[in-house]
Amino acid sequence: MTRDAHESFMRAALVLARDAAALGEVPVGAIVVHEGQIIGRGHNLREANQDPTAHAEILAIRQAASALGSWRLCECTLYVTLEPCPMCAGALMLSRIERVVYGCSDPKGGFLGTLADLSCHPKLNHSFEVEGGVLAEECSELLRSFFRRLRASKR
């Protein structure tokens, strides 16, 4: 897939991240693409649902699996604005995703290369491709501005 295509899909994930921010959620958005079509969408809903597993990636994976009628997302790519955490990286491995493209790295929780890399662990039965840094500055700035506003509102 071309860099332009990756950026186009990442922009769709950024729209979802902005939707999350508007709800007071940490602004992370994710989409799942199959054969060039978006089949799963999600943004963080942990606060709204009071559910620690309601991450953007998990919600997008669930919607994609439902759309395909299968838990196996073998020919799918997940686009997400922030590098996935250990839980989401595990779900991506278990879903048999083919590729993950993320925006900015997560120095406190990223498990696709920053703190560890679950995408290619030699003892796991599945691995997947990872590409980071797509629209990284835009993704990062969305998170920085969200947390700046949050800190300011608590003063």
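- Distance CG/Leu150 to CZ/Arg155: 10.5 Å, rounded to 0.5 Å.
- No single ILVMFWY cluster, assembled from side-chain heavy atoms under 4.5 Å apart, contains both Leu23 and Val15.
- Scanning both residues, Ser105 and Leu82, for their nearest heavy atoms gives O-CD1, 3.8 Å.
- Within the model, atoms CZ of Phe128 and CG of Leu118 stand 6.5 Å from one another, a figure rounded to the nearest 0.5 Å.
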(Q) Determine whether Glu57 and Arg62 satisfy the following criterion, salt bridge (Lys or Arg N to Asp or Glu O under 4.0 Å), listing intermediate values before the conclusion. (A) CA-CA 9 Å; Glu57 300 95 322; Arg62 286 179 183 155; over 6 Å; no
Q: Would you please test Val100 and Thr77 for side chain to side chain contact (heavy atoms under 4.5 Å, CB included) and show each step?
A: CA-CA 6 Å; Val100 174; Thr77 299; over 6 Å; no
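- Here the straight-line distance linking atom NE2 of His34 with atom SG of Cys76 works out to 5.0 Å at 0.5 Å rounding.
- The shortest heavy-atom contact between Met87 and Ile58 is CE-CG1, 4.1 Å.
- When the shell of 6.0 Å around CD of Gln37 is examined, it contains 12 or fewer heavy atoms from other residues, nucleotides or ligands.
- Annotation: side chain of Cys85 is not in contact with side chain of Phe111 (no heavy-atom distance under 4.5 Å).
- Taken to the nearest 0.5 Å, the SG atom of Cys88 stands 6.5 Å off from the CD1 atom of Ile61.
- At least one side-chain heavy atom of Leu143 sits less than 4.5 Å from a side-chain heavy atom of Cys104.
- A donor-acceptor pair is defined here as one N or O able to donate and one able to accept, closer than 3.5 Å; no such pair exists between the side chain of Asn49 and the backbone of Asp51.
- A salt bridge is absent between Glu98 and Arg72: the closest approach of a Lys/Arg side-chain nitrogen to an acidic carboxylate oxygen does not fall below 4.0 angstrom.
- Ion pairing between Arg3 and Glu131 holds under the 4.0 Å rule for side-chain N and carboxylate O.
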Q | Phe9/Val101 under side chain to side chain contact (heavy atoms under 4.5 Å, CB included): CA gap, chis, key distance, verdict | A | CA-CA 9 Å; Phe9 285 124; Val101 178; over 6 Å; no
Donor-acceptor pairs are to be reported for all side-chain atoms of residues 41-48 against protein atoms at under 3.5 Å, with residues two or more places apart or in another chain.
| unit_1 | atom_1 | unit_2 | atom_2 | d |
| --- | --- | --- | --- | --- |
| Asn44 | OD1 | Ala56 | N | 2.9 |
| Asn44 | ND2 | Val26 | O | 3.2 |

Q: Take Ile31 and Val33, measure what side chain to side chain contact (heavy atoms under 4.5 Å, CB included) needs, and give me the verdict at the end.
A: CA-CA 6 Å; Ile31 63 166; Val33 174; 3.9 Å; yes
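- For Arg144 and Ser140, the side-chain atoms include at least one donor-acceptor pair closer than 3.5 Å.
- Nearest heavy atoms, Met10 versus Tyr79: N-CD2, 4.2 Å.
- Follow the hydrophobic side-chain contacts under 4.5 Å out from Leu59 and you never reach Leu68; the two are in separate clusters.
- At a cut-off of 3.5 Å, with distance as the only test, no side-chain donor of Thr2 or Asp4 sits close to an acceptor on the other residue.
- Taking each heavy atom of Ala12 and Ile38 in turn, the nearest pair found is CB-CD1, 4.1 Å.
- Salt-bridge check for Arg18 with Glu25: failed, with every basic side-chain N at 4.0 Å or more from each acidic carboxylate O.
- Going from atom NE2 of His126 over to atom OG of Ser119 covers 9.5 Å, rounded to the nearest 0.5 Å.
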Q: Go through Leu135 and Leu14 one step at a time and tell me if the side chain to side chain contact (heavy atoms under 4.5 Å, CB included) criterion holds.
A: CA-CA 9 Å; Leu135 301 180; Leu14 276 162; 4.0 Å; yes
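- By the 4.5 Å heavy-atom criterion applied to side chains, Glu138 and Leu142 are not counted as neighbours.
- Considering CZ of Arg149 and OG of Ser153, their distance stands at 9.5 Å, rounded to 0.5 Å.
- Scanning both residues, Ala60 and Ala30, for their nearest heavy atoms gives CB-O, 3.8 Å.
- Under the 4.5 Å side-chain heavy-atom criterion for ILVMFWY residues, no single connected hydrophobic cluster contains both Ile39 and Leu16.
- Scanning all heavy atoms of the two residues, the minimum distance from Ser127 to Cys120 falls at CB-CA, 4.1 Å.
- Under the 4.5 Å side-chain heavy-atom criterion for Ile, Leu, Val, Met, Phe, Trp and Tyr, Leu124 and Val130 are members of the same hydrophobic cluster.
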